[in-house]
A.B. asks: 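Take a look at the following structure, please.
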Amino acid sequence: MNDVTHIVNDIKNGSLKPIYFLMGEEPYYIDKISEYIEKNVLDESEKGFNQVVMYGRDVSIDEIVSSAKRYPMMADRQVIIVKEAQDLSRTIDKIESYARNPQPTTVLVFNYKYKKLDKRKKAYKAIAKNGLIYESKKLYENQVADWIRKVLGGKKYNIEPKASQMLVEFLGTDLSKISNELDKLISVLPAETIINPSHIEENIGISKDFNNFELRKAVGQKDVVKANRIINYFAQNPKNNPLVMTISLLNSFFTQMLMYHGLKDKSKGSVAKTLGVNPYFVDDYATAGRNYPMRKVSQIIGLLRDADVKSKGVGANAMPQSDILKELLFKILH
């Protein structure tokens with residue numbers, strides 16, 4: 001996020017590069033930088049003649065270079081944005097010749113999603129020397145809650161740890177989806193609001209009581225009644241609560257429990273740092289640690305693997321997903 005802020009600030013201050021090569025696994029920031037350039041580098045009166053959006057599947061490198069070498073009309077510069085540039089991956093190295101001597105009055109932007117340029121290639125080195133290369137890396141799940149907090153903080157909002165965890169567990173690590181949901185919240189809640197689970201439930205539709213976070217907590221506490229209420233709710237709402245997601249999150253939890261049992265220092269700070277969780281949740285791991293000794297945790301990870309195989313239709317005789325989850329929870333809790 002800091003790199004993106006730096007890039008945007010440079011553009012705001014008029015310090016523009018002739019080439020922006022935006023690449024990597026996380027499309028969110030690639031889109032954000034590209035959109036900022038598209039909206040802000042040229043005045044509206046200049047865009048008609050001097051701003052072009054191309055798509056990788058429709059153009060060749062030669063056509064892009066030909067456009068980039070033109071001079072702007074009645075403006076200081078022109079902007080060329082190549083969206084879905086990853087469709088040019090087989091020929092992208094041909095940009096090297098232009099990158100060695102780019103047109104100074106052109107701002108050429110490549111949105112090269114889900115792929116990366118090879119750093120050993122001449123094209124990479126030429127762009128890095130004369131332009132800017134930004135690699136947008138996918139966030140790990142344990143980093144997304146902190147990202148949510150920072151994004152909201154920048155807009156004068158705060159969020160409770162449980163509320164951010166609900167978003168992560170429901171939406172995964174897709175920053176675009178999460179950003180859209182945060183925009184919904186911001187549109188209906190006043191600035192300075194501390195967003196809580198009720199706000200999430202009321203405005204996004206994620207149940208604050210019946211979700212994977214609460215299931216994990218109930219399992220950790222060995223609260224059989226609460227765990228069964230949640231999985232019955234899941235059975236009635238299978239589209240919003242896919243079994244594969246539940247198994248994945250439980251597997252992450254018990255894998256972390258193995259790490260927890262291996263810690264010599266079980267202070268809150270040490271546990272939070274080692275497991276990559278918010279200190280707010282450390283008590284949940286301490287409780288689960290008392291309820292599930294190391295040997296039982298190892299057995300549960302085996303049960304989760306078996307359930308995952310069954311959920312994919314292997315050796316389960318077309319067993320309903322809800323029954324697989326009920327069987328799994330029974331074995332974990334007893």
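One is the number of the first residue; the rest follow in order along the sequence.
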A.B. asks: Taking all atoms of both residues into account, what is the closest heavy-atom pair of D87 and R57, and its distance?
C.D. replies: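 Scanning both residues completely, I find the closest heavy atoms to be OD2-CB, 3.6 Å.
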A.B. asks: Give a yes or no on whether a salt bridge exists between E26 and K138, defined as a side-chain N under 4.0 angstrom from a carboxylate O.
C.D. replies: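 A salt bridge links E26 with K138.
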A.B. asks: Do the side chains of K113 and D31 get close enough for a salt bridge, i.e. N-O under 4.0 angstrom?
C.D. replies: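 Salt bridge flag = yes for D31 with K113.
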A.B. asks: Kindly write out the residues that satisfy ring pair (Phe, Tyr, Trp, His ring centres under 6.0 Å) with Y157, not counting sequence neighbours, or none if the list is empty.
C.D. replies: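 Checked Y157 against ring pair (Phe, Tyr, Trp, His ring centres under 6.0 Å); zero matches.
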A.B. asks: Return yes when atom NZ of K69 has more than 12 non-hydrogen atoms of other residues, nucleotides or ligands closer than 6.0 Å, and no otherwise.
C.D. replies: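 No, NZ of K69 has 12 or fewer neighbouring heavy atoms, counting only those of other groups under 6.0 Å.
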A.B. asks: Between Y292 and G220, which heavy-atom pair has the shortest distance, and what is it?
C.D. replies: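 Looking at all heavy atoms of both residues, the closest pair is CE1-O, 3.8 Å.
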A.B. asks: Does either side chain, that of S15 or that of N13, offer a donor lying less than 3.5 Å from an acceptor on the other one?
C.D. replies: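 There is no such pair between these side chains.
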A.B. asks: Is there a path of hydrophobic side-chain contacts, each under 4.5 Å between heavy atoms of I, L, V, M, F, W or Y residues, that connects I148 with Y28?
C.D. replies: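 Both belong to a single hydrophobic cluster.
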A.B. asks: What about I80 and L22, same hydrophobic cluster or not, with Ile/Leu/Val/Met/Phe/Trp/Tyr joined at side-chain heavy-atom distances under 4.5 Å?
C.D. replies: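 No: no chain of side-chain contacts under 4.5 Å links I80 to L22.
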A.B. asks: D265 side chain to S270 main-chain N or O, any donor-acceptor pair under 3.5 Å?
C.D. replies: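 Not a single qualifying donor-acceptor pair exists.
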A.B. asks: Please answer whether the main-chain N or O of L275 pairs with a side-chain N or O of Q256 as donor and acceptor at a distance below 3.5 Å.
C.D. replies: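 The answer is yes, because a donor-acceptor pair under 3.5 Å joins these two groups.
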A.B. asks: Go through it in stages, so that I can follow the logic: the residues are F253 and F281, the test is ring pair (Phe, Tyr, Trp, His ring centres under 6.0 Å), and I'd like the CA-CA distance, side-chain angles, deciding distance and then a yes or no.
C.D. replies: CA-CA 11 Å; F253 178 64; F281 299 115; over 10 Å; no
A.B. asks: Would a single hydrophobic cluster contain both I61 and V107, if residues Ile, Leu, Val, Met, Phe, Trp and Tyr are joined by side-chain heavy-atom contacts under 4.5 Å?
C.D. replies: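 No, separate clusters.
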A.B. asks: Side-chain donor-acceptor pairs under 3.5 Å in residues 91-101, sequence neighbours left out?
C.D. replies:
{"unit_1": "T91", "atom_1": "OG1", "unit_2": "L88", "atom_2": "O", "d": "3.4"}
{"unit_1": "D93", "atom_1": "OD2", "unit_2": "K121", "atom_2": "NZ", "d": "3.2"}
{"unit_1": "E96", "atom_1": "OE2", "unit_2": "R100", "atom_2": "NE", "d": "2.6"}
{"unit_1": "Y98", "atom_1": "OH", "unit_2": "Q103", "atom_2": "N", "d": "3.0"}

A.B. asks: Could you pull out the closest heavy-atom pair between M166 and P197, with the gap in Å?
C.D. replies: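 Looking at all heavy atoms of both residues, the closest pair is SD-CB, 3.6 Å.
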A.B. asks: Short question: side chain of E63, backbone of S60 - any donor-acceptor pair under 3.5 Å?
C.D. replies: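 A pair under 3.5 Å: yes.
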A.B. asks: Tell me if the centroids of the rings in Y285 and Y260 come within less than 6.0 Å of each other.
C.D. replies: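 Judged by ring-centre distance (under 6.0 Å), Y285 and Y260 do not meet the cut-off.
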A.B. asks: Can you tell me how far OG1 of T5 sits from CD1 of I33, rounded to the nearest 0.5 angstrom?
C.D. replies: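 One gets 9.5 Å once the value is rounded to the nearest 0.5 Å.
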A.B. asks: I'd like to know whether Y112 forms a ring pair (Phe, Tyr, Trp, His ring centres under 6.0 Å) with F21, so could you lay out the CA-CA distance, the side-chain angles of the two residues, the decisive distance to 0.1 Å, and finally the verdict.
C.D. replies: CA-CA 7 Å; Y112 200 75; F21 202 95; 5.0 Å; yes
A.B. asks: For S34 and V109, work out which heavy atoms get closest and say how close.
C.D. replies: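 Scanning both residues completely, I find the closest heavy atoms to be OG-CG1, 4.2 Å.
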A.B. asks: Could you measure the distance from the CD atom of Q51 to the CD atom of Q78? Nearest 0.5 Å is fine.
C.D. replies: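 Taking CD in Q51 and CD in Q78, the distance rounds to 10.0 Å.
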A.B. asks: Tell me if the NZ atom of K296 is crowded by more than 12 foreign heavy atoms within 6.0 Å.
C.D. replies: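 Yes.
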A.B. asks: What distance do N142 atom CG and Q165 atom CD have between them, rounded to the nearest 0.5 Å?
C.D. replies: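 N142 CG to Q165 CD: 9.5 Å, rounded to 0.5 Å.
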A.B. asks: Less than 4.5 Å apart, any side-chain heavy atom of Q321 and any of S311?
C.D. replies: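 Side-chain contact under 4.5 Å: yes.
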A.B. asks: Anything under 3.5 Å between a donor and an acceptor, one on a side chain of residues 230-237, the other on a protein residue two or more places apart or in another chain? List them.
C.D. replies:
{"unit_1": "N232", "atom_1": "ND2", "unit_2": "N228", "atom_2": "O", "d": "3.1"}
{"unit_1": "N237", "atom_1": "ND2", "unit_2": "Y233", "atom_2": "O", "d": "2.9"}

A.B. asks: Looking at L189, is its backbone amide N or carbonyl O close enough to the side chain of T193 to form a donor-acceptor pair, meaning the two atoms are under 3.5 Å apart?
C.D. replies: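 A pair under 3.5 Å: no.
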A.B. asks: Under the rule for side-chain hydrogen bond (donor to acceptor under 3.5 Å, both in side chains), what residues qualify as partners of K125, not counting sequence neighbours?
C.D. replies: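 Scan of K125 (side-chain hydrogen bond (donor to acceptor under 3.5 Å, both in side chains), adjacent residues dropped) gives none.
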A.B. asks: Find out whether M294 and L258 are in side-chain contact, i.e. whether some heavy atom of one side chain is under 4.5 Å from a heavy atom of the other.
C.D. replies: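 The answer is yes, as the side chains (C-beta and beyond) meet within the 4.5 Å cut-off.
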A.B. asks: For atom NZ of K115, decide whether the heavy atoms of other residues, nucleotides or ligands shown that lie under 6.0 angstrom number more than 12.
C.D. replies: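 Not more than 12 within 6.0 Å, no.
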A.B. asks: Which word best sums up how the rings of W147 and Y29 line up, parallel for under 30°, tilted for 30 to 60°, or perpendicular for over 60°?
C.D. replies: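 If you compare the ring of W147 with that of Y29, the planes turn out perpendicular.
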A.B. asks: Side chains of K268 and D283: closer than 4.5 Å at any heavy-atom pair?
C.D. replies: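 K268 reaches D283 side chain to side chain.
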A.B. asks: Is there a donor-acceptor pair under 3.5 Å between the side chain of S252 and the backbone N or O of S248?
C.D. replies: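 Indeed, once roles are kept as given, a pair shorter than 3.5 Å links the two residues.
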A.B. asks: State, without any angle test, whether D3 and H6 hold a side-chain donor-acceptor pair at a distance under 3.5 Å.
C.D. replies: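 Looking only at side-chain atoms, H6 and D3 do not form any donor-acceptor pair under 3.5 Å.
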A.B. asks: Scan K310, R305, K312 and name whichever one has a salt bridge (Lys or Arg N to Asp or Glu O under 4.0 Å) with D308.
C.D. replies: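 For D308, the salt bridge (Lys or Arg N to Asp or Glu O under 4.0 Å) check succeeds only for K312.
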A.B. asks: Are N212 and L250 packed together at the side-chain level, in the sense that at least one heavy-atom pair is separated by less than 4.5 angstrom?
C.D. replies: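 No, too far: nothing below the 4.5 Å cut-off.
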A.B. asks: So do K208 and S198 actually touch side chain to side chain, heavy atoms under 4.5 Å?
C.D. replies: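 Heavy-atom side-chain distance check passes, below 4.5 Å.
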A.B. asks: Are any of the side-chain heavy atoms of L182 and L152 separated by less than 4.5 Å?
C.D. replies: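 Counting from C-beta outward, L182 and L152 do come under 4.5 Å.
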A.B. asks: Check the hydrophobic clustering (I, L, V, M, F, W, Y; side-chain heavy atoms under 4.5 Å; chains of links allowed) and say if M259 and Y140 are grouped together.
C.D. replies: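 As far as the 4.5 Å side-chain criterion goes, Y140 and M259 are not connected within one cluster.
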A.B. asks: Answer yes or no: is there a donor N or O on one side and an acceptor on the other, between the side chain of K266 and the main chain of L263, under 3.5 Å?
C.D. replies: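 It does hold such a pair.
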A.B. asks: Which atoms form the tightest heavy-atom contact between A227 and L333, and what is the distance?
C.D. replies: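 Here A227 and L333 meet closest at CB-CD1, 4.0 Å.
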A.B. asks: Between T173 and E141, does any side-chain donor sit less than 3.5 Å from a side-chain acceptor?
C.D. replies: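 Result is no, nothing qualifies.
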A.B. asks: Does the pair E38/K83 count as a salt bridge with the N-to-O cut at 4.0 Å?
C.D. replies: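 Result for this pair is yes, salt bridge flagged.
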A.B. asks: With distance as the sole test, does H334 use its side chain to make a donor-acceptor pair with the main-chain N or O of K331 at under 3.5 Å?
C.D. replies: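 Between the backbone of K331 and the side chain of H334 there is no qualifying donor-acceptor contact (under 3.5 Å).
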A.B. asks: Counting heavy atoms not belonging to K17, are there more than 12 under 6.0 Å from its NZ?
C.D. replies: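 Not buried by this count: 12 neighbours or fewer within 6.0 Å.
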A.B. asks: Taking side-chain contact (heavy atoms from CB on, under 4.5 Å) as the definition, give me every residue that meets it alongside Y280, ordered by chain and number, with sequence neighbours left out.
C.D. replies: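 Once residues adjacent in sequence are excluded, the partners of Y280 under the side-chain contact (heavy atoms from CB on, under 4.5 Å) criterion are P161, K162, N278.
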A.B. asks: Does L16 belong to the same Ile/Leu/Val/Met/Phe/Trp/Tyr cluster as I30, with side-chain heavy atoms less than 4.5 Å apart forming each link?
C.D. replies: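 Yes, L16 and I30 fall within the same hydrophobic cluster.
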A.B. asks: Of all the heavy-atom pairs spanning A75 and N50, show the shortest one and how long it is.
C.D. replies: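 Scanning both residues, the minimum pair turns out to be CB-ND2, 3.6 Å.
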A.B. asks: Please test Y36 against K12 for side chain to side chain contact (heavy atoms under 4.5 Å, CB included), starting from the C-alpha separation and ending with a verdict.
C.D. replies: CA-CA 10 Å; Y36 187 83; K12 279 183 184 176; 2.7 Å; yes
A.B. asks: So do Y134 and I7 actually touch side chain to side chain, heavy atoms under 4.5 Å?
C.D. replies: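 Heavy-atom side-chain distance check passes, below 4.5 Å.
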A.B. asks: I'd like to check Y71 versus T105 (side-chain heavy atoms, cut-off strictly below 4.5 Å). Are they in contact?
C.D. replies: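 With C-beta onward as the side chain, the pair touches.
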A.B. asks: How far does CD1 of I186 sit from NZ of K156, to the nearest 0.5 angstrom?
C.D. replies: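 The CD1 atom of I186 sits 12.5 Å away from the NZ atom of K156.
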A.B. asks: Flag yes if more than 12 heavy atoms outside K47 fall under 6.0 Å of its NZ atom; otherwise flag no.
C.D. replies: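 For K47, atom NZ is crowded (more than 12 foreign heavy atoms under 6.0 Å).
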A.B. asks: Do side-chain atoms of D43 reach the backbone of S45 as a donor and acceptor pair under 3.5 angstrom?
C.D. replies: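 No: the side chain of D43 does not pair with the backbone of S45.
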A.B. asks: Please lay out, stage by stage, how I81 and V52 fare under the test side chain to side chain contact (heavy atoms under 4.5 Å, CB included).
C.D. replies: CA-CA 6 Å; I81 298 172; V52 179; over 6 Å; no
A.B. asks: Mind checking what makes side-chain hydrogen bond (donor to acceptor under 3.5 Å, both in side chains) contact with K222, not counting sequence neighbours?
C.D. replies: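 Partners of K222 under the side-chain hydrogen bond (donor to acceptor under 3.5 Å, both in side chains) test: none.
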A.B. asks: Decide side chain to side chain contact (heavy atoms under 4.5 Å, CB included) for N196 and E160; before the verdict, give the C-alpha distance in whole Å, the side-chain angles of both, and the deciding distance to 0.1 Å.
C.D. replies: CA-CA 5 Å; N196 61 40; E160 293 181 2; 3.6 Å; yes
